[in-house]
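Heads up, the thing below is written out as structure tokens.
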Amino acid sequence: MTVLLRPASPGRSSALVALVAAVVTGAGLALATPVAVLTVSDGTTELVRALDRTEPLQYSYRQSIYEVTVFETLAREGNALRIQQVRSSDIRSIEYFGWKGEPAQSNGLWTEDSPRSVAADAELVIRITPAGEQALSTTRWRVVLKPEFGETVVRVRAQDRPWLLAVLAGAR
């Protein structure tokens, strides 16, 4: 039995090449599209979590002077983080910030919004304490720092990463 292969018509092979090129380009663009993330690193280990540009970030910790939990609400401003509000059960831990506003009570906690003069920081530097009560969280995830890093210093940054790198690093 003899099989004759006909060469593909020039129009058909050009269309196939164009289709493959479009698929490869589309996949490349999708994988390289920047996504907003939060990174926490001690210089050796890096933790990556999704942090949308408009999503609030909460940093909570035990304030060592008054021994109460403080909740800082942070907002992403470009690739920086800015404290927007602070909450605590003890008014003194709010006053400790030295803002000129007047703390108010809401849902059993003292709260105060930061003045607009408080600048955004390119990174937050956090010393993880022996008590280990420090955590970062959004509505989608929560990370307690001491179990992840131990007692050390970490740097927290808002960044944009290519989608594929963010997924491979564990952003969720």
Side-chain angles (χ1 to χ4, degrees), residues 33-172:
T33 298
V35 294
V37 298
L38 184 81
T39 62
V40 185
S41 175
D42 64 1
T44 303
T45 302
E46 181 178 67
L47 186 133
V48 179
R49 293 291 181 266
L51 180 65
D52 292 338
R53 287 172 183 79
T54 59
E55 183 175 20
L57 173 68
Q58 181 173 275
Y59 171 48
S60 61
Y61 54 91
R62 186 129 184 110
Q63 209 267 3
S64 61
I65 296 172
Y66 305 113
E67 293 297 321
V68 295
T69 302
V70 175
F71 303 93
E72 295 181 11
T73 302
L74 303 152
R76 183 175 174 154
E77 291 186 0
N79 281 344
L81 295 167
R82 181 180 175 280
I83 186 169
Q84 289 191 311
Q85 184 184 70
V86 63
R87 300 181 326 270
S88 178
S89 60
D90 190 325
I91 192 171
R92 297 173 299 173
S93 62
I94 303 298
E95 292 169 339
Y96 184 80
F97 283 83
W99 299 335
K100 302 298 181 204
E102 194 61 41
Q105 265 197 312
S106 174
N107 297 321
L109 295 176
W110 289 98
T111 181
E112 186 173 356
D113 293 339
S114 70
R116 196 62 214 156
S117 60
V118 172
D121 292 310
E123 68 179 10
L124 304 178
V125 179
I126 299 173
R127 173 168 296 284
I128 301 172
T129 63
E133 296 182 34
Q134 296 140 297
L136 296 164
S137 60
T138 68
T139 57
R140 297 182 290 160
W141 53 262
R142 177 177 168 80
V143 174
V144 180
L145 297 176
K146 188 174 179 185
E148 293 288 338
F149 295 97
E151 291 176 38
T152 189
V153 174
V154 294
R155 297 180 183 284
V156 180
R157 296 181 181 103
Q159 298 180 326
D160 291 323
R161 294 263 176 101
W163 179 85
L164 180 61
L165 294 179
V167 168
L168 291 175
R172 7 178 189 155

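Only this structure's heavy atoms are used, side chains among them; waters, hydrogens and symmetry mates stay out.
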Note to self: Tell me whether Asp90 contacts the main-chain N or O of Arg92 through its side chain, where contact means a donor paired with an acceptor under 3.5 Å.
What the structure shows: yes
Next item on the list: Apply the side-chain hydrogen bond (donor to acceptor under 3.5 Å, both in side chains) test between Thr111 and each candidate in Gln105, Gln85, Arg87; give the one that qualifies.
Entry: Gln85
Next item on the list: Give a yes or no answer on whether the side chain of Lys146 reaches the backbone of Gln134 with a donor-acceptor pair at less than 3.5 Å.
Entry: no
Next item on the list: Taking all non-hydrogen atoms of both residues into account, name the closest pair between Pro115 and Arg82 and its distance.
Entry: O-NH2, 2.8 Å
Notebook entry, point to check: Hey, does Val118 have a side-chain heavy atom less than 4.5 Å from the side chain of Trp99?
Noted result: yes
Notebook entry, point to check: Can you list every pair that meets salt bridge (Lys or Arg N to Asp or Glu O under 4.0 Å) and has a residue in residues 103-121, with sequence neighbours left out?
Noted result: Glu77-Arg116
Item checked: Separation between OG1 of Thr73 and CD of Gln84, rounded to the nearest 0.5 Å -> 7.5 Å
Item checked: Side-chain heavy-atom pair Leu136, Leu145 within 4.5 angstrom cut-off -> yes
Checklist line | Verdict with reasoning, Glu46 to Arg161, per salt bridge (Lys or Arg N to Asp or Glu O under 4.0 Å) | finding: CA-CA 13 Å; Glu46 181 178 67; Arg161 294 263 176 101; 2.9 Å; yes
Item checked: Test side-chain contact (heavy atoms from CB on, under 4.5 Å) applied to Thr39 and Arg155, Glu123, Arg157, Arg49, the passing residue -> Arg157
Next item on the list: Output, in order, the C-alpha distance, side-chain angles, deciding distance and verdict of side-chain contact (heavy atoms from CB on, under 4.5 Å) for Val153 and Ile126.
Entry: CA-CA 6 Å; Val153 174; Ile126 299 173; over 6 Å; no
Notebook entry, point to check: Is a side-chain N or O of Trp141 found less than 3.5 angstrom from the main chain of Ala50, in a donor-acceptor match?
Noted result: yes
Next item on the list: Assess whether side-chain contact (heavy atoms from CB on, under 4.5 Å) is satisfied between Leu124 and Leu74, documenting all intermediate values.
Entry: CA-CA 11 Å; Leu124 304 178; Leu74 303 152; 3.8 Å; yes
Next item on the list: For residues Ser114 and Ile83, report the shortest heavy-atom separation together with the two atoms involved.
Entry: OG-O, 2.7 Å
Next item on the list: Supply the atom-to-atom distance Thr129 OG1 to Glu151 CD, rounded to the nearest 0.5 angstrom.
Entry: 7.5 Å
Notebook entry, point to check: Which heavy atom of Pro56 sits nearest a heavy atom of Thr138, and at what distance?
Noted result: O-CG2, 3.8 Å
Side-chain donor-acceptor pairs of residues 64-72 under 3.5 Å, sequence neighbours excluded:
from	atom 1	to	atom 2	distance (Å)
Glu72	OE2	Tyr61	OH	2.8

Next item on the list: Report the distance from atom CD1 of Ile94 to atom CD1 of Ile91, rounding to the nearest 0.5 Å.
Entry: 8.0 Å
Notebook entry, point to check: How long is the gap from CZ on Phe149 to CG on Leu47, to the nearest 0.5 Å?
Noted result: 5.0 Å
Note to self: What I'd like to find out is whether the side chain of Val154 reaches to under 4.5 Å of the side chain of Ile128, using heavy atoms alone.
What the structure shows: yes
Note to self: Under the criterion side-chain contact (heavy atoms from CB on, under 4.5 Å), I'd like the reasoning laid out for Asn79 against Asp160: C-alpha separation, chi angles, the key distance, then a yes or no.
What the structure shows: CA-CA 8 Å; Asn79 281 344; Asp160 291 323; 3.9 Å; yes
Note to self: Taking the side chain as everything from C-beta on, heavy atoms only, tell me whether Val37 gets closer than 4.5 Å to Leu51.
What the structure shows: no
Note to self: Would the distance check show the side chain of Ser93 and the main-chain N or O of Ser88 forming a donor-acceptor pair, the cut-off being under 3.5 Å?
What the structure shows: no
Item checked: Pairing of Glu55 and Arg140 as salt bridge, 4.0 angstrom limit -> yes
